[in-house]
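Quick notes on the structure that follows.
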Protein chains: 2
Amino acid sequence: MGDKGRASRQAGGVVACVDCPLRHQAAFRQFAPEELAFVTHFKAGELQITAGTDILLAEHNSAHLFTLLRGWAYRYSLLPDGRRQILNFLLPGDFIGLQAGLFDAMQHSVAALTDVTLCVFQRSELWSLYREQPSLGYDLTWLAANEEALVDANLVAVGQRTALARIAYLIVQFHARLEGVGMSQHGRFAFPLTQQHVADALGLSLVHTNKTLRRLVKLGAVKVGGGMLAIARLDQLRAIAGLEEAKPRSRPIL
Amino acid sequence: MGDKGRASRQAGGVVACVDCPLRHQAAFRQFAPEELAFVTHFKAGELQITAGTDILLAEHNSAHLFTLLRGWAYRYSLLPDGRRQILNFLLPGDFIGLQAGLFDAMQHSVAALTDVTLCVFQRSELWSLYREQPSLGYDLTWLAANEEALVDANLVAVGQRTALARIAYLIVQFHARLEGVGMSQHGRFAFPLTQQHVADALGLSLVHTNKTLRRLVKLGAVKVGGGMLAIARLDQLRAIAGLEEAKPRSRPIL
DNA sequence: CGCGAAGTTGAAACAGGTCAATGCTTGTGG
DNA sequence: CCACAAGCATTGACCTGTTTCAACTTCGCG
């Protein structure tokens with residue numbers, strides 16, 4: 001899955017955390033000055049990764065942790081027989097590699113879906129974060145719990161919903177998350193996933209994913225094309241997915 | 001679902017954390033004296049819950065957090081149409097309600113599978129834990145990440161494996177986890193799940209679960225009966241499940 | 001002994017998977 | 001600027017794992 005990659009570390013031209021454009025998005029909580037100071041110190045640099053490249057590998061452990069600054073990524077795991085399950089998608093503001101930081105070997109891999117920019121943190125500094133800035137430790141737990149909640153929701157979708165409902169669910173979820181980080185305008189947003197990604201995330205075959213997505217389009221619920229997705233009728237999508245409306249939570253960002 | 005329940009708080013007769021029998025199990029890391037002191041202070045009491053009763057409810061929030069001391073529980077969520085997805089099972093030593101502690105409303109419910117004893121912690125003390133005992137804050141993040149890893153694994157199973165492999169996977173996983181807390185002897189352990197639980201955890205219908213489990217028994221991989229499950233051929237089970245052997249991690253317990 | 005919950009089993013229906021082609025883009029090199 | 005390759009989307013036909021429906025049995029317990 002991750003291949004052809006090329007990664008370059010940037011020395012200069014790095015965004016200071018105070019000026020981080022993400023931080024001003026609606027979704028994120030405000031940081032106190034000393035928290036911001038610590039994060040700035042914690043941040044070791046930035047990393048650019050090309051679309052399709054792996055960021056972290058299962059079975060390995062990494063000296064770094066990341067926050068996704070720009071672009072899309074996804075966590076996935078491969079079975080011995082080659083099948084792939086995408087565990088969830090990562091959007092700007094998401095923390096990457098908590099498991100890598102806490103365990104000695106990752107259980108899954110993380111790959112860049114699009115070209116991606118990452119904030120890099122030293123794993124070795126993680127402990128000092130808890131010691132010196134407990135509120136950030138609390139935030140990390142929060143992020144871990146939040147990500148678990150996402151996976152929970154995916155499991156519910158894959159375990160209980162029909163193909164049509166799963167795809168509707170995925171779209172509604174993307175919409176909500178992208179809204180939060182200002183990447184959706186009037187229900188319209190960039191959609192860099194290939195149908196194979198959708199299939200692997202929802203436990204469906206590629207062919208059936210195609211047919212079902214097509215059906216969703218014919219139903220008039222969404223429009224897709226040119227790497228964009230537009231939600232035509234959000235209520236209809238929610239109904240198909242069997243989803244209630246959910247209010248987003250204000251979240252931390254490291 | 002949780003019903004018929006009855007819960008009683010115990011004033012006396014509570015196990016002191018130092019003497020906690022779980023703490024001596026192989027799976028758990030050793031605590032420093034001051035950590036132990038804090039946890040003891042953190043623990044507000046014990047709670048007994050009857051099998052089948054809900055411990056935490058979705059949409060609600062709780063003033064308490066728990067550690068499962070004795071018995072089995074499970075996290076689940078219900079869809080509008082009544083279908084139930086069990087997200088994962090909780091065994092002694094597992095922390096309950098992190099999401100309840102961090103978010104203002106739970107996304108899922110937790111129910112007691114068997115009669116259960118819980119250590120009770122005050123949610124309001126959670127923050128002081130991070131401030132006064134950062135290492136325990138770190139542990140909480142660890143526990144959150146660990147639980148996420150469990151759900152990840154479940155998602156892989158439900159998304160990618162056949163019915164037979166899913167059930168094999170579930171059994172292997174129980175075996176590994178129960179070993180860690182001394183609840184399995186020679187691959188034989190109490191198995192309080194009903195087939196409906198198995199079905200709801202694995203995204204299968206009850207009928208198919210039955211037939212498939214039966215098949216697994218006929219294959220000679222496991223023996224079930226009398227609320228007990230005995231693994232006859234662990235390697236065969238692993239092969240069916242498409243699982244590699246995994247070494248358990250030493251974990252914290254609050 | 002009798003009731004309700006849980007486990008079994010068979011038959012029929014269907015959602016989704018697999019196989020196999022075909023078309024559409026896009027990027028690359030000549 | 002065109003031809004080709006490679007990846008992705010689309011469609012039809014067919015096949016099968018799983019679900020659904022409908023009994024019937026067994027177990028645990030008052």
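All values derive from a computational prediction rather than experimental measurement.
- You'll find that the side chain of B:Val207 is closest to D:dT20, out of D:dT20, D:dT18, D:dT11.
- Among the heavy atoms of the strands lying under 4.0 Å from B:Thr162 are primed sugar atoms or P, OP1, OP2 only; no base atom is included.
- Counting non-hydrogen atoms under 4.0 angstrom, B:Thr194 reaches the backbone sugars and phosphates but no base.
- Spacing between atom CG of A:Leu206 and atom C1' of C:dA20 amounts to 13 Å, rounded to whole angstrom units.
- Between A:Asp200 atom CG and D:dC8 atom P the separation is 12 Å, expressed in whole Å.
- Regarding B:Leu216, its CG atom lies at a distance of 16 Å from the C1' atom of C:dT8, rounded to whole Å.
- No hydrogens or angles considered: nothing links the side chains of A:Thr209 and A:Gln195 as a donor-acceptor pair under 3.5 Å.
- Residue contacts for B:Leu204: at a heavy-atom cut-off of 4.0 Å it reaches the sugar-phosphate backbone alone, with no base atom in range.
- In this entry the distance linking CG of B:Leu202 with P of D:dT18 reads 11 Å, nearest Å.
- Only at 4.0 angstrom or more do the heavy atoms of residues 222-233 of chain A sit from any atom of DNA chain C, so none qualifies.
- One interatomic measurement links the two molecules: NE2 of A:His208 to P of C:dC14, which rounds to 14 Å at whole-angstrom precision.
- B:Asp115 places a side-chain N or O within donor-acceptor distance of the main-chain N or O of B:Ala51, the cut-off being under 3.5 Å.
- Using modelled atom types, one finds no donor on one side chain facing an acceptor on the other under 3.5 Å when comparing A:Asn88 with A:Tyr76.
- Applying the 4.0 Å criterion to OP1 and OP2 of C:dT8, one finds that B:Arg214 has a side-chain N or O inside that range.
- The aromatic ring centroids of A:Phe189 and A:Phe174 lie 6.0 Å or more from each other.
- Of the side-chain N and O atoms in A:Gln195, one or more sit less than 4.0 angstrom from OP1 or OP2 of D:dT10.
- Following rounding to the nearest Å, A:Arg166 (CZ) and C:dG17 (C1') show an atom-to-atom distance of 12 Å.
- Side-chain nitrogen and oxygen atoms of A:Asn210 include none within less than 4.0 Å of the OP1 or OP2 phosphate oxygen of D:dA9.
- In this structure a side-chain-to-backbone donor-acceptor pair under 3.5 Å is present from B:Thr114 to B:Trp72.
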Listing, residues 149-164 of chain B side-chain donor-acceptor contacts under 3.5 Å, not counting sequence neighbours, or none:
| from | atom 1 | to | atom 2 | distance (Å) |
| --- | --- | --- | --- | --- |
| B:Asp152 | OD1 | A:Arg75 | NH2 | 3.1 |
| B:Asp152 | OD2 | A:Arg75 | NH1 | 2.9 |
| B:Asp152 | OD2 | A:Gln99 | NE2 | 3.4 |
| B:Asn154 | OD1 | B:Tyr169 | OH | 2.5 |
| B:Asn154 | ND2 | B:Leu87 | O | 2.8 |
| B:Gln160 | OE1 | A:Arg83 | NE | 3.2 |
| B:Gln160 | OE1 | A:Arg83 | NH2 | 3.4 |
| B:Gln160 | NE2 | A:Arg84 | O | 2.9 |
| B:Gln160 | NE2 | A:Gln85 | OE1 | 2.9 |
| B:Arg161 | NH1 | B:Ala241 | O | 2.8 |
| B:Arg161 | NH1 | B:Gly242 | O | 3.4 |
| B:Thr162 | OG1 | B:Leu164 | N | 3.2 |
| B:Thr162 | OG1 | B:Ala165 | N | 3.3 |

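- The CG atom of B:Leu164 sits 9 Å away from the P atom of D:dT18 (whole-angstrom rounding).
- Applying the 3.5 Å distance criterion, the base of D:dG17 shares no donor-acceptor pair with the side chain of B:Lys211.
- When each of A:Leu65, A:Leu118, A:Thr67 is paired with A:Ile96, the side-chain contact (heavy atoms from CB on, under 4.5 Å) condition holds for A:Leu118 and for no other.
- Across the protein-nucleic acid pair, B:Gln196 atom CD and C:dT8 atom P stand 14 Å apart, rounded to whole Å.
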